[in-house]
Each structure stands twice: as C-alpha cells, then as structure tokens.
2 protein chains.
Amino acid sequence: MFFWAIFDESSLKELFMTPRILDIKTQVERENTLLDCAHAFIQRESIAALTIDKLVKELPFSKGTIYNHFNSKEDILLGLCNRGMSILAELFNRARQFDGLPREQGLAIHFAYMLYAKLHPTLFMLVLTAKTSNITDKASASKQEEHLLLEGKLIGPIVSIFQESLDRNEISPPMPMTLEQLAFACWSLSFGTNALLLQNIEHCGTRSNLVVERELINNVNLLFDGFQFQPLTNDFDWTNTISRLKSITFCKEIDNLKSRGHILAI
Amino acid sequence: MFFWAIFDESSLKELFMTPRILDIKTQVERENTLLDCAHAFIQRESIAALTIDKLVKELPFSKGTIYNHFNSKEDILLGLCNRGMSILAELFNRARQFDGLPREQGLAIHFAYMLYAKLHPTLFMLVLTAKTSNITDKASASKQEEHLLLEGKLIGPIVSIFQESLDRNEISPPMPMTLEQLAFACWSLSFGTNALLLQNIEHCGTRSNLVVERELINNVNLLFDGFQFQPLTNDFDWTNTISRLKSITFCKEIDNLKSRGHILAI
DNA sequence: ACCTGAACACCGTTCAAGT
DNA sequence: ACCTGAACACCGTTCAAGT
C-alpha cells in the first residue's frame with residue numbers, strides 16, 4: 001500500500017505545507033538533544049572518538065536530519081564549545097558580584113575558571129581544540145557570531161574589575177598597561193595553568209606534585225602582586241575569601257564536584 | 001620475464017639477506033625526508049589537512065614503506081613535535097648561558113620560547129595538538145620515551161636558574177614554593193601567552209591591539225616581580241638585556257625572522 | 001516538506017603479490 | 001627482505017527515494 005495512492009497531490013501539499021506550531025520548539029529541542037548526546041559521548045570517550053555514525057545511533061532521528069541542524073561535525077563541536085562558554089560567563093558574573101574588594105573579585109574569576117575546568121573538562125578542552133584545529137573555519141556563520149559574542153561576555157567582567165581597581169588606585173603595574181593588557185595577562189596565566197594541568201597527569205613525571213587548584217591560586221597571587229594589586233598576598237586574609245567562595249558564591253559547584261568524588265586541595 | 005625465473009631460492013635469499021651497510025643510514029635519511037615533507041606540508045596547509053595519501057605523493061617511496069618507519073599518522077606528528085622540542089631545548093641552553101643575572105637568564109628563556117613560537121608556529125602548535133588529541137596514546141613507545149626525555153631537557157635550564165637565584169637570595173615568593181612550582185608558573189604563563197596570541201588574530205576582535213612579543217615581556221616581568229625576583233622591573237635596565245639578546249644570543253634567529261618579513265615590536 | 005539511509009568520496013592501515 | 005599499491009574498514013557528507 002503506497003502513501004501516494006491515498007492522497008492526491010494537492011491534499012499532500014496541504015498536509016505538508018501546513019505550518020506546524022511545534023516546529024521551532026522541536027527544532028531547538030532536537031539541537032539540545034544532539035548537543036546533550038555529543039557532550040555525554042566525548043565525556044565518556046573522547047573528542048577524537050566522536051563520530052556522526054556513533055552519534056546517530058543514540059539519537060531518535062537519522063543522519064540526514066543532523067545536517068538540517070548543523071552544517072558539519074565542526075559546527076556541532078563549536079555549538080558545544082559555545083554552550084560551555086555560556087556556563088562560564090554565568091560563573092564570571094557571579095564572581096564579579098562577590099561582596100568584597102576588586103582583588104577578591106579578581107581571585108573569584110580565576111577560581112570560577114578553575115572550577116569550570118574541573119567540572120566540565122571536556123568543554124574546557126573543546127575551547128583548546130577549537131583553537132588548534134580549524135574548527136572555526138568549517139562551522140556555520142551563526143555559531144561563529146555566537147562564539148565572538150560569548151568571548152566578549154567573558155572579557156566583560158574582567159575588564160570591569162580592573163576599571164574599578166584603577167579608579168580606586170588599588171593597582172599600579174610596573175609598566176603602563178591598558179585594561180585589555182591587564183585582562184589578557186590574567187587570561188594567559190589561567191588558561192596556561194588549566195590547560196597544562198588538566199591533561200592526564202600520570203603520563204608526565206615532571207608535573208606529578210602539582211595540584212591545579214593550589215597552583216592556580218599561587219600563580220594568580222604572584223601575578224596580582226606583580227600588578228601591585230592591593231592588598232598584596234601577605235597583607236590580607238585570603239583564606240577567608242576562598243572559604244566564602246567555596247561555601248557561598250560557588251557552593252553549588254563545589255557540591256557538584258564533591259558528589260563526583262573530587263575534593264579541592266584548598 | 002619473471003624475477004623468480006632468474007634466481008633460485010637460495011641465491012635470492014643470499015641477495016636479500018646480505019647485510020647492506022647503507023641500510024641504517026638510509027632508514028634515518030628516509031625518516032628525515034618524511035618529517036621534512038610533513039613539516040613543509042602542515043606549514044603550507046594545516047595539521048588538519050595532512051593526509052598520508054597527499055604525503056606519499058611528495059615522497060620517493062610508497063605508502064606501505066611509511067609504516068615501516070612510523071606506526072601511525074600520530075607517530076609522524078609526535079616525531080615532528082619532538083623535533084621541535086629539540087630545537088627549543090637548544091635555544092633554552094643558550095638562554096641559560098646568557099652572561100648576566102639569573103633574572104636576565106629567566107627573561108632570556110621566555111624570549112627564546114617566544115622566538116621559537118614565532119619561527120616555528122606549526123611546531124609550537126603541534127605541542128598543543130599533541131596535548132588536546134590523544135596523539136601520545138597512538139604513537140610508538142620509542143617516540144613517547146623521547147618526548148618525556150625532551151620535556152626533561154626543557155625543564156632543566158629553568159629549574160637550574162631558579163636554584164641559582166635561590167642560592168643568591170635573589171628570589172622570595174610571597175608563599176612557600178618548590179623549584180618545580182616556580183618553573184611551572186613560568187611555563188603556564190608563557191604557554192598561555194604564546195598559545196592565545198599565536199592564533200589567527202584577525203578573527204578575534206578583542207585581542208586586536210596585543211602584540212605577542214610585548215605582552216610576553218610584560219607578563220614575564222609582572223610574574224617575576226610577583227616572585228620578588230631581584231632586580232625588580234623598575235630597578236634595572238632591561239632594554240639593554242633585550243638588545244643583547246637580539247644582537248648576540250639569538251642574532252641568528254632574529255635574522256631569520258627578519259628575512260621572512262617579521263619585525264619584532266620590542 | 002521533511003526524513004531516511006544507501007551511496008559517494010576520502011581517510012588511515014594492512015597485506016598479498018611482486019621484485 | 002623489502003617495497004608496492006590494491007583492498008579494506010571506516011569516516012563525513014549528500015541526495016534520490018520514501019512518506
């Protein structure tokens with residue numbers, strides 16, 4: 001029995017072209033299902049092991065349909081990367097609202113970045129992957145736009161903290177530096193620390209005694225002291241700041257880490 | 001006319017099993033030819049575009065023979081990565097021998113790393129790629145051994161500088177730090193700065209005013225000041241150090257950069 | 001109109017056949 | 001013994017056929 005035998009062309013056209021109210025909602029839902037699935041997969045296996053064929057086996061729709069939502073595998077990865085950056089942006093905003101001195105908020109930002117890297121290692125790594133391979137080239141224009149927008153949302157709170165500390169005369173680097181340069185110095189240090197320490201440490205004999213949370217806090221304090229960011233490391237009780245970050249600002253994230261068996265070394 | 005018709009089995013065996021003196025030399029030569037070729041290719045195109053088929057088209061031997069020298073594509077990439085690390089280790093040794101204070105030598109190390117990243121961007125990126133994808137897993141045991149050995153050779157001069165500055169009482173971080181932690185703080189900052197700034201900057205609106213050589217020197221000075229590494233940024237004529245690095249220690253590398261149209265902003 | 005999965009072009013790796 | 005390239009299994013992407 002054939003479909004075409006039941007309907008004539010005009011009624012078919014009517015059936016198919018009838019605008020369905022649920023369509024847009026379904027579209028978004030499907031995109032999320034796919035990203036959820038891809039995220040779970042690369043968390044379980046690895047980015048390298050991700051395959052469209054393997055992905056489609058776990059999805060309620062077919063291979064062809066994937067390409068109605070994402071124009072390439074790289075588009076999926078950038079979509080996932082952007083999702084991670086949204087999460088990170090929310091953490092940065094909370095850090096910016098920490099009730100305390102600008103330097104405490106600056107520490108909070110780095111603390112947030114480290115928590116993010118520990119909570120979502122695969123999403124953190126995805127930014128790295130996006131930088132090394134030419135993911136951004138193959139991805140869709142819309143995803144690339146979103147990516148740039150999110151980069152701005154991440155830089156925002158950092159620049160704003162430095163602006164405030166300059167206004168309050170609480171920072172005076174040994175050489176003239178723009179807000180952008182100050183923010184960039186922080187970003188490089190944090191990025192480098194997380195990237196180098198997040199990798200499978202067991203392989204690397206030389207880094208065996210390093211714990212990311214301790215090194216991160218140390219490195220940030222060193223850099224901030226270099227900025228002459230007041231109050232200096234030894235002129236303030238930073239353990240209180242960190243315990244408030246742990247018990248109040250990021251308590252949900254800390255609980256999440258604990259439930260997965262990770263205990264912070266600080 | 002068949003080969004087998006001319007020789008009987010024993011004379012064939014004799015012909016083939018005769019130890020050829022050139023064999024080992026040819027083996028090494030072929031490996032180098034392949035690595036040269038792969039290097040040129042990813043410099044011209046990209047790591048992602050590298051294909052065994054494309055590679056073999058430019059080589060004087062066939063696809064199967066490649067697998068007599070390298071057990072996988074990842075093995076080739078790790079081989080190339082190791083080659084880069086050898087070059088870098090040589091630069092670090094020269095930096096360590098810079099005639100000056102430990103802090104000057106520390107600056108020289110970072111300067112060397114930046115020069116390396118600028119001179120061999122694809123080799124620098126290969127370390128990043130090796131870290132993100134599981135290249136190290138698929139590569140041969142011998143290449144992995146070599147990789148760890150080279151990591152040690154890179155850390156060596158850095159640790160040695162810090163040991164000397166501790167002996168001379170020229171360093172006193174605001175918190176207790178091991179030699180390993182000191183070296184790691186430097187590595188993270190340098191790695192992060194190079195990695196973030198080496199990427200195609202035109203894409204990224206927020207980083208448009210940043211020049212890697214200037215930011216690198218700034219960031220290192222900030223971190224060293226955080227270490228209380230004597231003499232501090234504003235207590236010494238560092239421009240003299242940098243001009244000696246440019247005109248003496250790394251003059252060959254600077255010339256090389258110039259010949260390619262790169263002019264350092266410092 | 002939308003979904004499907006066979007089909008396609010291309011990839012890394014192997015191995016029987018040639019020398 | 002060593003080299004070769006056809007053959008294989010698998011990949012991302014497309015598109016004719018089905019509904």
Side-chain angles (χ1 to χ4, degrees), chain A residues 1-24 26-27 30 33-34 38 41 45-57 59-77 133-135 137-140, chain B residues 1-24 26-27 30 33-34 38 41 45-57 59-77 133-135 137-140:
Chain A
M1 185 172 85
F2 290 102
F3 192 81
W4 290 105
I6 307 169
F7 301 96
D8 59 21
E9 202 180 330
S10 70
S11 66
L12 241 185
K13 208 167 177 181
E14 195 191 342
L15 177 70
F16 285 136
M17 294 195 66
T18 304
R20 274 172 276 174
I21 290 178
L22 284 177
D23 255 5
I24 287 168
T26 333
Q27 290 249 340
R30 279 220 264 228
T33 313
L34 187 140
F41 185 91
E45 314 241 352
S46 74
I47 300 172
L50 181 70
T51 280
I52 302 283
D53 272 310
K54 292 188 206 160
L55 201 57
V56 91
K57 270 183 194 164
L59 286 172
F61 46 87
S62 80
K63 212 159 31 156
T65 305
I66 291 181
Y67 287 83
N68 287 343
H69 298 266
F70 298 90
N71 74 7
S72 64
K73 189 188 170 185
E74 282 72 21
D75 209 33
I76 296 174
L77 290 176
S133 62
N134 321 37
I135 283 189
D137 290 351
K138 290 191 190 169
S140 66
Chain B
M1 185 174 84
F2 289 103
F3 191 82
W4 290 105
I6 307 170
F7 300 96
D8 60 21
E9 201 181 332
S10 68
S11 65
L12 239 186
K13 206 167 177 181
E14 196 190 342
L15 176 71
F16 287 136
M17 294 196 65
T18 304
R20 275 172 276 175
I21 290 179
L22 284 177
D23 254 6
I24 287 168
T26 332
Q27 290 250 340
R30 279 220 263 231
T33 314
L34 187 140
F41 185 91
E45 314 240 352
S46 73
I47 300 172
L50 181 70
T51 279
I52 302 284
D53 272 310
K54 292 187 206 160
L55 201 57
V56 91
K57 268 184 196 165
L59 286 171
F61 46 86
S62 80
K63 208 156 39 152
T65 305
I66 291 181
Y67 286 85
N68 287 343
H69 297 267
F70 298 90
N71 74 6
S72 64
K73 190 188 170 187
E74 282 72 22
D75 209 33
I76 296 174
L77 291 176
S133 63
N134 321 36
I135 283 189
D137 291 351
K138 290 192 192 169
S140 67

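Not measured: the values here are computed from a predicted model.
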Inset, instruction - Check the side chains of A:Asp75 and A:Ser140 for a donor-acceptor pair under 3.5 angstrom, ignoring hydrogens and angles. - result: yes
Inset, instruction - Please state how far atom CD1 in A:Ile66 lies from atom P in D:dG12, giving the value in whole angstrom units. - result: 10 Å
Legend entry - Partner nucleotide, any strand, of C:dC2 [Watson-Crick/G-U, under 3.5 Å]: D:dG18
Legend entry - Working for side-chain contact (heavy atoms from CB on, under 4.5 Å), residues B:Leu50 and B:Glu45: CA-CA 8 Å; B:Leu50 181 70; B:Glu45 314 240 352; over 6 Å; no
Legend entry - OP1 or OP2 of C:dG12 under 4.0 Å from side-chain N/O of B:Ser72: no
Legend entry - Spacing of A:Ile76 atom CD1 and A:Leu34 atom CG [to the nearest 0.5 Å]: 5.0 Å
Inset, instruction - Just do the side-chain contact (heavy atoms from CB on, under 4.5 Å) check on A:Ile52 and A:Phe70 with the steps written out, would you? - result: CA-CA 11 Å; A:Ile52 302 283; A:Phe70 298 90; over 6 Å; no
Inset, instruction - Specify the residue among A:Ile52 and B:His69 whose closest nucleotide of DNA chain D lies further upstream toward the 5′ end. - result: B:His69
Legend entry - Quiz item: A:Lys63 side-chain donor-acceptor pair to D:dT13 base, under 3.5 Å: yes
Inset, instruction - Among the candidates C:dA6, D:dG5, C:dG12, find the nucleotide nearest to the side-chain atoms of B:Ser62. - result: D:dG5
Inset, instruction - Identify whether any heavy atom of B:Thr51 sits under 4.0 Å from a base atom; if not, whether one sits that close to sugar-phosphate; answer base, sugar-phosphate or nothing. - result: sugar-phosphate
Inset, instruction - Just call it for B:Leu55: base, sugar-phosphate, or nothing, with non-hydrogen atoms closer than 4.0 Å on any strand. - result: nothing
Inset, instruction - Could you tell me whether A:Leu50 contacts a base, only the sugar-phosphate backbone, or nothing, with contacts defined as non-hydrogen atoms closer than 4.0 Å? - result: sugar-phosphate
Legend entry - Candidates C:dT13, D:dC11, D:dT13 - which lies nearest the side chain of B:Lys73: C:dT13
